[in-house]
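Below: one structure, written as structure tokens.
The figures that follow rest on heavy atoms only: side chains count, while hydrogens, waters and symmetry mates do not. Residue numbering restarts at 1 for every chain, and letters A, B, ... go by the order of the sequence lines.
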There are 2 protein chains.
Amino acid sequence: MGVTKTQIFDQPQNELAQFFKILGHPARIAILQYISKQNACICNDLVEEIGLAQATISQHLKELKSIGLLKGEIEGKSMCYCINLDRWNELQQLLNSFFDTTKYNCC
Amino acid sequence: MGVTKTQIFDQPQNELAQFFKILGHPARIAILQYISKQNACICNDLVEEIGLAQATISQHLKELKSIGLLKGEIEGKSMCYCINLDRWNELQQLLNSFFDTTKYNCC
DNA sequence: TTTTAATATCGCAATATTACGATATTAAAA
DNA sequence: TTTTAATATCGTAATATTGCGATATTAAAA
């Protein structure tokens, strides 16, 4: 099939999985890391820096935006993509809460 | 294409993405949560609990094992799947280190 | 106003993932 | 030894993801 049966899981499970999933691509990790160390976070740099086609980078940026991790502001002809720090911390907390709550073993 | 170009990223980036990716499925989240709250973590329960076919559950378990998050011990006819606590904590730390290191914004 | 530059979107091809039935495999139970 | 129960693996169908060229779109520059 290839369809994740989201309907049999609850919303927190689906949401958490979605966050993990979007972080689960090396290009998106690299994009976040690169943006974080730039002062001027212009998308065009990313194409050269990461080494993927412009269309591909744009797609990855869109996905990172979809979970709120990036915010983009138009700056003349360019875009200024930045990490949304509030969301970033929120997400980190959510993941930690998952790790903290889910770690009792039985063997 | 559909092929992730892993060769253009470095090992830490690929590894981190791989961890995120494997956590990025609601069934695997649910499996971890269920195992963590059981005393007896027998796989057969999971099929009823999660609501996916036995073959599918087995496949998800295999992926969780692949990043070391689960360890399985044979217990008679059954398997006792448990969270590998050392690995669990190690991974939590790795993800936190990513979040902590990568959060400077520019806007 | 035309050109240029930066980014987004569309449409596709290639590959990956998800799910499951069917079929091993393995060890206890009968 | 045969049966039963639990799990793993194989093969396959359906869908998702990745990546990119081509083509919008948009705003500054010429």
Side-chain angles (χ1 to χ4, degrees), chain A residues 1-9 13-14 17-31 34-35 38 40-67 70-82, chain B residues 1-9 13-14 17-31 34-35 38 40-67 70-82:
Chain A
M1 302 198 172
V3 214
T4 296
K5 291 188 155 180
T6 50
Q7 75 281 3
I8 68 176
F9 305 105
Q13 289 171 333
N14 281 313
Q18 182 64 10
F19 298 144
F20 278 128
K21 190 174 184 177
I22 289 196
L23 291 171
H25 193 290
R28 295 194 282 270
I29 297 289
I31 285 172
Y34 183 71
I35 287 181
Q38 294 310 109
C41 38
I42 292 164
C43 176
N44 198 239
D45 297 0
L46 284 170
V47 177
E48 292 195 359
E49 176 68 17
I50 310 283
L52 290 170
Q54 184 266 323
T56 308
I57 296 287
S58 188
Q59 203 173 271
H60 283 305
L61 288 168
K62 192 178 172 186
E63 289 179 86
L64 288 168
K65 258 190 295 184
S66 80
I67 55 168
L70 286 187
K71 52 182 176 184
E73 288 178 29
I74 297 167
E75 203 168 78
K77 270 189 297 203
S78 308
M79 284 294 291
C80 178
Y81 274 113
C82 304
Chain B
M1 300 195 175
V3 214
T4 297
K5 292 187 154 181
T6 51
Q7 75 282 2
I8 68 176
F9 306 104
Q13 289 170 332
N14 281 314
Q18 181 65 11
F19 297 144
F20 278 126
K21 190 174 185 178
I22 289 196
L23 290 171
H25 192 290
R28 294 193 283 270
I29 297 289
I31 286 171
Y34 183 71
I35 287 182
Q38 294 309 110
C41 39
I42 291 165
C43 176
N44 198 237
D45 298 0
L46 284 171
V47 177
E48 292 195 1
E49 177 68 18
I50 309 282
L52 290 170
Q54 183 268 322
T56 309
I57 296 287
S58 189
Q59 205 174 267
H60 284 306
L61 288 168
K62 193 178 172 185
E63 287 178 87
L64 288 168
K65 258 190 295 183
S66 80
I67 56 169
L70 286 187
K71 51 183 176 182
E73 287 178 30
I74 297 167
E75 203 167 79
K77 270 189 297 203
S78 308
M79 284 294 290
C80 177
Y81 274 113
C82 304

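A:K62 places its NZ atom 14 Å from the C1' atom of D:dT18, with the value rounded to the nearest Å. In this structure, A:L61 places its CG atom 11 Å from C1' of C:dA8, rounding to the nearest Å. Atoms CG (A:L64) and C1' (C:dT7) sit 16 Å apart, rounded to a whole Å. Taking atom CD of A:E48 as the reference point, atom P of C:dT7 lies 11 Å away to the nearest angstrom. Atom pair A:R28:CZ and D:dG19:C1' shows a separation of 12 Å (rounding to whole Å applied). The distance between atom CG of B:D45 and atom P of D:dT7, rounded to the nearest whole Å, is 8 Å. Atom pair B:F9:CZ and D:dG19:C1' shows a separation of 11 Å (rounding to whole Å applied). Rounded to whole Å, atom P of C:dA16 lies 17 Å from atom NE2 of B:H25.
Between B:N44 and D:dA5 there is no side-chain N or O to OP1 or OP2 distance below 4.0 Å. B:Y81 has a side-chain polar atom (N or O) that falls below the 4.0 Å cut-off from OP1 or OP2 of D:dA8. OP1 or OP2 of D:dT17 has not a single side-chain nitrogen or oxygen of A:H60 nearer than 4.0 Å.
The side chain of A:T4 approaches C:dT18 more closely than any other nucleotide in the set D:dT7, C:dT18, C:dT9. Checking C:dC20, D:dA8, C:dT15 against every side-chain atom of B:V3, the shortest atom distance belongs to C:dT15.
Note on ring orientation: taking the six-membered ring where Trp is involved, the planes of A:H25 and B:F9 are perpendicular (angle over 60°, cut-offs 30° and 60°).
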What string of B, S and - do you get for nucleotides 21-30 of chain D, 5' to 3', if B is base contact, S is sugar-phosphate-only contact and - is no contact with any protein heavy atom under 4.0 Å?
B-----BS--
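The closest donor-acceptor contact from the side chain of A:S66 to the backbone of A:E63 lies under 3.5 Å. Side-chain atoms of A:R28 do not come within 3.5 Å of backbone N or O of A:L64 as any donor-acceptor pair.
Note on B:I57: nothing from the nucleic acid sits closer than 4.0 angstrom, heavy atoms only. Within the nucleic acid shown, B:S78 comes within 4.0 Å of sugar-phosphate atoms alone, with no base atom in reach, counting heavy atoms only.
Crowding of A:I8 atom CD1: a count of heavy atoms from other residues, nucleotides or ligands under 6.0 Å exceeding 12. The local environment of CD in A:E48 is sparse, with at most 12 non-hydrogen atoms from other residues, nucleotides or ligands closer than 6.0 Å.
Nucleotide C:dA29: paired with D:dT2 (Watson-Crick or G-U wobble, both distances less than 3.5 Å). A 3.5 Å limit on both hydrogen-bonding distances identifies D:dA16 as the Watson-Crick or G-U partner of C:dT15.
Atoms NZ and NZ, on B:K65 and B:K71 in that order, are 13.5 Å from each other to the nearest 0.5 Å. How far CG of A:L46 is from CE of A:M79: 11.5 Å, rounded to the nearest 0.5 Å. To the nearest 0.5 Å, the span separating OH on B:Y81 from CG on B:L70 amounts to 7.5 Å.
Residue whose closest nucleotide on DNA chain C sits further toward the 5' end, between A:K21 and A:Q59: A:Q59.
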